[in-house]
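Contents: one structure, followed by commentary.
Source: prediction; values computed, not measured. The first residue of the sequence shown is numbered 1, and numbering continues consecutively from there.
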Amino acid sequence: MARQTPAAFNERREFKLLTWNVDGLDQRNLVERTKAVCQIISRHQPDVVFLQEVVQDSLPIFESSCSGYSNLPFHLVIIYINHGFCWGL
């Protein structure tokens with residue numbers, strides 16, 4: 001996704017938000033579930049993503065798949081902000 005200019009962001013006046021509980025505390029199919037969430041993020045390209053229950057095993061998958069985002073990690077929670085959205089911050 002190309003970075004937006006400040007003017008393009010100001011004209012848009014809306015943003016896409018995606019929130020997902022990855023359920024990382026349940027280790028069954030964790031890699032497959034994490035990859036599926038990454039595909040949804042890639043397909044919809046939300047401006048802000050709130051991920052809950054992100055555990056150490058799934059963190060590298062998110063980091064490699066969400067390269068167009070900056071992350072704000074907290075305990076079991078990650079907030080990704082699309083680089084194109086940062087103009088508005």
Side-chain angles (χ1 to χ4, degrees):
M1 180 173 179
R3 265 193 136 161
Q4 297 177 0
T5 64
F9 176 78
N10 289 333
E11 291 173 9
R12 204 168 119 198
R13 303 233 187 247
E14 60 184 44
F15 70 93
K16 287 190 218 177
L17 171 69
L18 184 141
T19 182
W20 200 284
N21 186 327
V22 179
D23 195 18
L25 301 177
D26 179 356
Q27 291 292 311
R28 294 173 291 180
N29 302 316
L30 180 61
V31 171
E32 292 84 2
R33 289 185 288 114
T34 301
K35 288 180 180 180
V37 173
C38 290
Q39 289 173 350
I40 290 170
I41 293 169
S42 178
R43 184 178 325 126
H44 293 282
Q45 297 184 347
D47 297 305
V48 179
V49 180
F50 293 95
L51 299 174
Q52 302 155 311
E53 293 189 28
V54 176
V55 294
Q56 203 64 33
D57 292 343
S58 59
L59 189 57
I61 299 168
F62 282 117
E63 288 178 343
S64 67
S65 297
C66 298
S67 61
Y69 291 82
S70 297
N71 69 43
L72 306 169
F74 301 97
H75 180 69
L76 295 178
V77 174
I78 294 182
I79 301 170
Y80 280 104
I81 300 176
N82 188 306
H83 290 161
F85 184 68
C86 291
W87 285 108
L89 299 179

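Here the closest heavy-atom approach between residue P46 and residue I41 is recorded as CD-O, 3.4 Å. Nearest heavy-atom pair, Q45 versus S42, reported as atom, atom and distance to 0.1 Å: CG-O, 3.2 Å.
Within the 4.5 Å cutoff, the side chain of L30 has heavy atoms near those of the V55 side chain. Within the 4.5 Å cutoff, the side chain of F50 has heavy atoms near those of the L17 side chain.
Taken together through direct or relayed side-chain contacts under 4.5 Å among Ile, Leu, Val, Met, Phe, Trp and Tyr, I40 and V54 form part of one hydrophobic cluster.
S65 meets the side chain to side chain contact (heavy atoms under 4.5 Å, CB included) test with C38, I61; sequence neighbours excluded. Considering only residues two or more places apart in sequence or on other chains, R43 meets the side chain to side chain donor-acceptor pair (under 3.5 Å) condition with none of them.
Rounding to the nearest 0.5 Å gives a distance of 10.0 Å between CG of N82 and SG of C66. We find the CG-CG distance between L51 and L18 to be 7.5 Å, quoted to the nearest 0.5 Å.
The stretch residues 24-42 participates, sequence neighbours left out, in these salt bridge (charged side-chain N to carboxylate O under 4.0 Å, His left out) pairs: D26-R28. Note on residues 53-74: no pairs pass salt bridge (charged side-chain N to carboxylate O under 4.0 Å, His left out), not counting sequence neighbours.
Aromatic ring pairs are classed by plane angle as parallel below 30°, tilted from 30° to 60° and perpendicular above 60°; the pair Y80 and F62 is tilted.
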